[in-house]
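See structure below.
Whatever order the structure lists ligands and atoms in, that order sets their numbers, starting from 1.
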Amino acid sequence: MPLPGLLLEGAREVATMAGGLRRGGAQADAGLLAADDAALVVACWEGRVLAAGRRDEVARRLAAEGLDPDDAGRFERVDVGGGVVTPGLIDPHTHLVFAGSREGEIELRRRGAGYLEILAAGGGILSTVAATRRASVDELVASGRRWLREMLRHGVTTVEAKSGYGLERDAELRQLEAVGRLDGQGPVELVPTFLGAHAVAPEFRGQPAAADAYVRDVVEVQLPAVAAQGIARFCDVFCEEGVFTPAQARRVLEAGARLGLTPRLHADELRPSGGAELAASLRAAAADHLGVPSPEGIDALARAAEGSSPVVATLLPATSLFLKAEAYGPARELISRGVPLALGTDFNPGTSPTPNLQLVLSLGVLRMGLSAAEALAAVTINAAHALRLGDTHGSIEPGRQADLVAWDVPSIEQIPYWLGADLVRTVVKRGRMVKDRGDGA
Ligand code: NIG
Ligand code: FE
């Protein structure tokens with residue numbers, strides 16, 4: 001039986017991320033506690049954070065609750081070796097569950113083909129759809145588990161996971177069932193999103209007004225089945241010139257919202273397509289990609305950010321890297337306009353085959369002009385808000401879910417700095433240690 005209490009001891013820095021959603025100048029506030037003598041402790045009790053601070057302060061807080069940190073029958077103790085403790089990382093945008101791989105598209109693009117051109121020719125997303133439709137739920141679960149292990153290894157404890165490679169009711173349901181099973185298996189927590197409107201299904205292509213006809217299928221056939229099973233929390237659409245228009249995306253997202261699914265969307269990835277404007281108008285939880293939003297789109301997000309439930313701009317720099325895009329998204333402008341910024345991997349077999357959110361953090365610093373603290377906020381507290389989990393996840397504060405990472409580096413600046421290195425020493429999910437490599441390799 002695991003003990004109810006856990007103490008992470010011997011930290012030099014704790015990035016608590018306390019204080020809620022970050023926008024504007026606050027994006028750079030890591031809520032940092034620091035101690036040169038590595039005397040910082042994070043205490044967890046029954047899955048929640050109890051206290052964080054210097055050893056003596058934490059001991060006093062525990063005593064006030066009638067708890068003794070030296071009680072070996074109740075507290076497990078883990079030394080983090082003078083490293084940094086942060087909240088568990090949250091990946092707010094992935095296409096985790098799919099079958100097959102698409103390395104051949106690297107060569108097609110090298111010879112000059114465009115991403116949407118490959119899709120229009122029946123490849124791209126549609127080749128993953130063909131493979132995913134053939135896969136059983138067990139196969140999808142096995143593949144998802146493999147990549148979740150990689151995510152956990154890089155410090156990720158919560159992951160959003162989309163459907164969108166089925167494009168018909170039963171195959172979409174199978175993908176979401178796989179996400180639900182993976183969530184049940186743990187330790188990584190999954191947040192399911194229905195993305196039936198990811199591309200026009202092959203059966204509809206070639207008929208007049210194919211996209212409208214397919215949107216009708218999404219709204220009238222797929223969405224009601226997904227909602228009836230209660231297996232998705234969000235509804236997403238690939239809103240992009242040449243895929244789904246803002247009007248089509250609105251139809252899907254409003255229908256989803258009527259059935260209890262919160263809207264989020266793929267917006268303005270390759271061209272300004274009205275996605276940011278739509279996200280703001282629907283009060284979506286997040287507008288994702290935003291490689292090239294229009295000035296009006298940025299204005300709309302800035303206005304939404306003044307309200308009580310801002311749209312979180314979720315930028316996906318690994319996709320820009322993988323597609324050799326010039327644009328990594330206007331991160332600095334969004335921050336200066338007060339728009340909260342998150343970062344995600346966009347893990348998928350076509351445009352971002354990396355499960356490594358730590359690498360994304362580095363890209364945020366190296367290619368988007370973020371500071372280490374800004375990038376860290378983007379993959380913790382702001383990513384939690386992008387998933388509407390901002391009240392329970394993404395920070396180290398009393399009462400919060402105890403999802404933590406101890407890193408083998410002495411400062412948060414070194415997390416993005418050691419590019420691609422394996423820095424994660426200990427991972428805690430819901431107050432339980434799910435990975436610990438001690439001081440060995
Ligand atoms: O977010 N852009 C749309 N969808 C995914 C890519 C999916 C794929 O190519 O398989 C993305 O980049
Ligand atoms: Fe995506």
Side-chain angles (χ1 to χ4, degrees), residues 91-106 108-109 113-133 135 140 143 147 159-167 171-172 175 179 191-202 234-244 248-249 252 264-271 273 275 279 284-293 312-325 327-329 342-355 357 360 363 383 386-387:
D91 192 339
H93 183 136
T94 85
H95 305 251
L96 174 73
V97 171
F98 55 82
S101 65
R102 309 228 302 268
E103 62 283 6
E105 288 173 28
I106 297 183
L108 293 178
R109 279 196 297 276
Y115 173 70
L116 290 180
E117 216 180 309
I118 297 172
L119 173 61
I125 292 174
L126 293 177
S127 64
T128 302
V129 168
T132 304
R133 284 181 175 182
L140 295 175
S143 153
W147 297 115
V159 171
E160 186 257 13
K162 303 175 196 299
S163 66
Y165 290 126
L167 308 188
E172 287 290 308
Q175 267 194 280
V179 172
V191 178
T193 294
F194 169 62
L195 175 59
H198 192 195
V200 175
F234 291 96
C235 184
D236 193 345
V237 176
F238 187 8
C239 178
E240 186 79 28
E241 222 178 278
V243 190
F244 294 105
Q248 290 161 341
V252 173
R264 57 192 316 108
L265 63 155
H266 285 67
D268 308 320
E269 173 182 355
L270 305 162
R271 299 219 192 133
S273 310
D288 295 18
H289 282 290
L290 297 177
V292 283
V312 179
T314 303
L315 272 52
L316 309 169
T319 306
S320 308
L321 176 76
F322 193 76
L323 292 181
K324 300 184 196 158
Y328 277 71
L343 294 172
T345 58
D346 193 18
F347 177 63
N348 76 76
T351 66
S352 185
T354 180
L357 192 58
V360 166
L363 289 172
L387 297 181

Which one of L316, L343, L315, T319 satisfies the side chain to side chain contact (heavy atoms under 4.5 Å, CB included) criterion with V360?
L343
Within-4.5 Å side-chain heavy-atom neighbours: V252 and C235:
yes
Just checking, is any N or O donor in the side chain of T94 or D91 under 3.5 Å from an acceptor N or O on the other one?
no
Worked check of side-chain contact (heavy atoms from CB on, under 4.5 Å) between Y115 and I125:
CA-CA 10 Å; Y115 173 70; I125 292 174; 3.6 Å; yes
So for ligand 1, is D346 a polar contact partner (N or O within less than 3.5 Å, distance only)?
yes
Relative to ligand 1, is Y115 under 4.0 angstrom through side chain, backbone, both or neither, heavy atoms considered?
side chain
In this structure, atom 2 (N) of ligand 1 is nearest to the protein heavy atom E269 OE1, 2.7 Å
Decide yes or no on side-chain contact (heavy atoms from CB on, under 4.5 Å) for E269 and F238, but give the supporting numbers first.
CA-CA 9 Å; E269 173 182 355; F238 187 8; 3.6 Å; yes
Flag the pair F347 / F98 as yes when their ring centroid distance falls below 6.0 Å, and as no otherwise.
yes
Per-atom filter on ligand 1: closer than 4.0 angstrom to a heavy atom of I125 are 7 (C), 8 (C), 9 (O), 10 (O)
Counting no waters, what protein N/O/S atoms lie under 2.8 Å from the Fe ion (ligand 2)?
H93 NE2, H95 NE2, H266 NE2, D346 OD1
H289 to ligand 1: N or O pair under 3.5 Å?
yes
Under 4.0 Å from a heavy atom of H198: give me the atoms of ligand 1 that qualify, with their elements.
3 (C), 4 (N), 5 (C), 7 (C)
For a side-chain contact (heavy atoms from CB on, under 4.5 Å) check, start with the C-alpha distance between R102 and S127, then their side-chain angles and the critical distance, and finish with the verdict.
CA-CA 8 Å; R102 309 228 302 268; S127 64; 3.2 Å; yes
Quick one about H266 and D236 (side-chain donor to acceptor, distance below 3.5 Å, no hydrogens or angles considered), yes or no?
yes
Under 4.0 Å from a heavy atom of T351: give me the atoms of ligand 1 that qualify, with their elements.
6 (C), 9 (O), 11 (C), 12 (O)
Determine, using heavy atoms of N348 and all atoms of ligand 1, whether some pair is separated by less than 4.0 Å.
yes
I'd like to check L116 versus V243 (side-chain heavy atoms, cut-off strictly below 4.5 Å). Are they in contact?
yes
Is it the case that S273 and E241 place a side-chain donor and acceptor less than 3.5 Å from each other?
no
Identity and separation of the nearest protein heavy atom to atom 10 (O) of ligand 1:
Y165 OH, 2.6 Å
For atom 3 (C) of ligand 1, the closest protein heavy atom turns out to be F238 CE2, 3.3 Å
Given side-chain contact (heavy atoms from CB on, under 4.5 Å), test R133 with E172 step by step and report yes or no.
CA-CA 9 Å; R133 284 181 175 182; E172 287 290 308; over 6 Å; no
Quick check on contacts: which atoms of ligand 1 are under 4.0 angstrom from a heavy atom of R102?
8 (C), 9 (O), 10 (O)
Could you check whether any side-chain N or O of Q175 sits under 3.5 Å from a backbone N or O of G164, counting only pairs where one atom can act as donor and the other as acceptor?
yes
With a 4.0 Å cut-off on heavy atoms, is E240 in contact with ligand 1?
no
